[in-house]
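See structure below.
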Amino acid sequence: MTNDVLLLDAIHRIEAKLDGLIQQNEAKEFYSTSEVARITQRAEFTVRQWCRLGRIRATKRSCGRGITKEWMISHEELTRLRSEGLLPQKHW
């Protein structure tokens with residue numbers, strides 16, 4: 001391969017990574033547990049547990065799969081989680 005081809009290939013890889021970072025930083029109103037898991041680098045199961053245990057503020061919303069509902073986390077809560085961490089665990 002010539003240097004020009006190698007350089008173009010490197011530029012395409014950089015552009016793809018930049019596109020991914022831009023999409024990652026675009027604020028949405030609500031995030032799914034899988035999106036929060038990816039952003040926080042945790043397992044989706046862990047994020048669902050945080051929701052169930054009240055360690056993050058989340059709401060249940062219909063997801064289009066019958067009567068099943070899924071956890072949704074607001075942008076504000078995601079921002080709070082990233083800056084302050086998990087809420088204290090509730091003692092039942």
Side-chain angles (χ1 to χ4, degrees):
M1 278 192 202
T2 67
N3 285 340
D4 289 341
V5 172
L6 291 174
L7 183 59
L8 282 174
D9 186 47
I11 289 171
H12 289 300
R13 285 195 314 272
I14 291 169
E15 287 175 338
K17 288 184 180 189
L18 285 173
D19 286 342
L21 287 172
I22 289 168
Q23 287 177 0
Q24 194 176 55
N25 289 326
E26 288 180 3
K28 295 170 56 175
E29 190 174 349
F30 285 93
Y31 296 87
S32 68
T33 54
S34 62
E35 290 170 317
V36 172
R38 181 182 46 78
I39 292 167
T40 60
Q41 297 181 338
R42 299 292 191 272
E44 187 177 357
F45 173 82
T46 300
V47 176
R48 286 194 310 268
Q49 282 291 93
W50 291 345
C51 295
R52 277 193 284 278
L53 297 173
R55 302 296 308 270
I56 59 176
R57 295 178 192 103
T59 56
K60 284 270 194 159
R61 233 172 34 177
S62 296
C63 63
R65 291 178 258 170
I67 61 172
T68 305
K69 294 186 176 187
E70 65 182 344
W71 289 107
M72 298 301 292
I73 298 96
S74 70
H75 175 73
E76 292 79 21
E77 180 61 9
L78 177 59
T79 302
R80 189 209 58 76
L81 173 65
R82 293 172 89 182
S83 64
E84 299 173 20
L86 294 171
L87 296 169
Q89 187 159 353
K90 294 178 182 179
H91 296 286
W92 308 100

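Worth knowing before you read on, the calculation uses all heavy atoms, side chains too, and leaves out hydrogens, waters and symmetry mates.
- To the nearest 0.5 Å, the span separating CE on Met72 from SG on Cys51 amounts to 10.0 Å.
- Distance CZ/Arg48 to CZ/Arg42: 15.5 Å, rounded to 0.5 Å.
- Here the CD1 atom belonging to Ile67 is positioned 9.5 Å from the NZ atom belonging to Lys69, to the nearest 0.5 angstrom.
- Checked by atom type and distance alone, the side chain of Arg80 pairs as donor or acceptor with a backbone atom of Gly85 at under 3.5 Å.
- Expressed to the nearest 0.5 Å, how far CD1 of Ile56 lies from CG of Leu78 amounts to 8.5 Å.
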Steps toward side chain to side chain contact (heavy atoms under 4.5 Å, CB included) verdict (Phe30, Thr59): CA-CA 10 Å; Phe30 285 93; Thr59 56; 4.3 Å; yes
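- Atom NE2 of His75 and atom OG1 of Thr79 lie 3.5 Å apart (nearest 0.5 Å).
- Glu44 and Thr33 share a donor-acceptor pair across their side chains, judged by distance under 3.5 Å alone.
- Pairs of residues two or more places apart, or lying in two chains, that qualify as salt bridge (Lys or Arg N to Asp or Glu O under 4.0 Å) and include a residue from residues 53-64 are Arg57-Glu77.
- Considering only heavy atoms from C-beta on, Leu86 comes within 4.5 Å of Leu81 through its side chain.
- Taking Ile11 as the reference, Leu7, Glu15 meet the side-chain contact (heavy atoms from CB on, under 4.5 Å) condition, with sequence neighbours excluded.
- Considering only residues two or more places apart in sequence or on other chains, Glu76 meets the side-chain hydrogen bond (donor to acceptor under 3.5 Å, both in side chains) condition with none of them.
- Rounded to the nearest 0.5 angstrom, Leu8 CG and Arg13 CZ are separated by 11.0 Å.
- Summarising the geometry of Ala58 relative to Ile73, their closest heavy-atom pair is CB-CG1, 4.0 Å, with the distance given to 0.1 Å.
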